[in-house]
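A short worksheet on the structure shown next.
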Amino acid sequence: MANGPPTPPPTTEAEIQDEARLNQAAQGATTTVPPPAPTPTPPAEPDVFQEVFPVILELASQSNFRGLIQAAENATINVRMPTSFFSRLQAALTLQGQSDPDSDRRLTRLLVLGPLIIAYLIVDDLQVCLTYFLPAMINLWKHVSVYSRAQELRNLVNVQGFFDGQLASLLTSLLSIFVQSFRQRTVALLSVAYTSLPVPLAQRYLGMEQVELLAGKSRDRNLQ
């Protein structure tokens, strides 16, 4: 069977454009390039506060509060201190789970600043504490409100959903140690200032219920 005559080349402008479109479509059907695979996002590296937190936990378990302070200070040496630790803890409950590149607002800072502040109070280094945290610390730790503030902080870090369980346990433990040491220092001061102390006044200074005070009456002659 004879072949038909060859197709004449396009001559008009419309025929040339039609042939170009057909050629492009044929090439696209045979040389389709798959879209590039998405680049995997590398896992976020721990920041300096997360890196030093295990060291702080270990030093606290050894009751090495001076060492804890040194480790925490080294981690925060280039970080501007917050004006209110109590406010930062409150913010932790509302900002948890959110990402914030601003170093002054990251929740991980609490891993270091929380233990650091309470360790200052435990070792009675009020000069350094007040230098860094004025005026918030003056209002937060007035003598008459120490015990209630400490309890507020305990309640705050132990609410369900607090952003770090280890930090909550550590701060709870450090607060108990601080309150105990604060009471001991207060008793020492009261023994110098008073020959005897009425129970209601002792309750205010020591943050204890009357039953607790009466139970310890035989061990402390300053209470009457």
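Heavy-atom basis, side chains included; hydrogens, waters and symmetry copies ignored.
Listed by chain and number, the residues in a side chain to side chain donor-acceptor pair (under 3.5 Å) with Q166 amount to none (sequence neighbours excluded). When the side chain to side chain contact (heavy atoms under 4.5 Å, CB included) test is applied to S173, the partners found at least two apart in sequence or on another chain are I177. In terms of the side chain to side chain contact (heavy atoms under 4.5 Å, CB included) criterion, residue partners of Q210 (sequence neighbours excluded) are, by chain and number, V199, Q203, L214.
The shortest heavy-atom contact between A119 and F65 is CB-O, 4.3 Å. Closest non-hydrogen pair, A75 versus V52, comes out as CB-CG1, 3.8 Å. Shown here for D164 and F53, the closest heavy-atom pair between the two residues is OD1-CE2, 4.2 Å. Residues F49 and T108 come closest through the heavy atom pair CB-O, 3.2 Å. In terms of heavy atoms, I56 sits closest to A72 at CD1-CB, 4.2 Å. Between A71 and V55 the shortest heavy-atom distance is CB-CG1, 4.3 Å.
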Test log, rule side-chain contact (heavy atoms from CB on, under 4.5 Å), inputs F163 and L110: CA-CA 10 Å; F163 80 100; L110 292 175; 3.8 Å; yes
Evaluate R183 against Q180 for side-chain hydrogen bond (donor to acceptor under 3.5 Å, both in side chains), listing each step before the verdict. CA-CA 5 Å; R183 279 197 180 113; Q180 181 180 2; over 6 Å; no
Let's go through V179 and R154 carefully: what are the C-alpha distance in whole Å and the side-chain angles of both, what is the deciding distance for side-chain contact (heavy atoms from CB on, under 4.5 Å) to 0.1 Å, and is it a yes or a no? CA-CA 12 Å; V179 168; R154 286 195 195 97; 3.6 Å; yes
Evaluate the side-chain contact (heavy atoms from CB on, under 4.5 Å) criterion for residues V157 and L167: first the C-alpha distance (whole Å), next the side-chain angles of each, then the deciding distance (0.1 Å), finally the verdict. CA-CA 8 Å; V157 301; L167 177 62; over 6 Å; no
Test L201 against Y194 for side-chain contact (heavy atoms from CB on, under 4.5 Å), laying out the working first. CA-CA 11 Å; L201 191 57; Y194 297 90; 3.9 Å; yes
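For the residue pair E152 / Y147, no side-chain donor-acceptor distance below 3.5 Å is found, with atom types taken as modelled.
To the nearest 0.5 Å, atoms CG (L190) and OG (S196) are separated by 11.5 Å. Considering CD1 of I122 and CD1 of I117, their distance stands at 12.0 Å, rounded to 0.5 Å. From Q70, atom CD reaches atom CG of L116 across 10.5 Å, with rounding to the nearest 0.5 Å. To the nearest 0.5 Å, atom CG of residue L121 and atom CZ of residue F182 are 9.0 Å apart. The line from OH of Y120 to CZ of R66 is 10.0 Å long, rounded to the nearest 0.5 Å. I69 CD1 to I118 CD1: the interatomic distance, rounded to the nearest 0.5 Å, is 11.5 Å.
By the 4.5 Å heavy-atom criterion applied to side chains, L153 and L171 are not counted as neighbours. The side-chain heavy atoms of L111 and R109, taken from C-beta on, include no pair separated by under 4.5 Å. Under the 4.5 Å side-chain criterion, counting only non-hydrogen atoms from C-beta, N64 is not in contact with L68. For the pair N155/V159, no side-chain contact is recorded, criterion being any heavy-atom separation below 4.5 Å from C-beta on.
With hydrogens and angles ignored, the 3.5 Å screen pairs a side-chain donor or acceptor of Q50 with a backbone N or O of D47.
Within 6.0 Å of the CD atom in Q62, the count of heavy atoms belonging to other residues, nucleotides or ligands exceeds 12.
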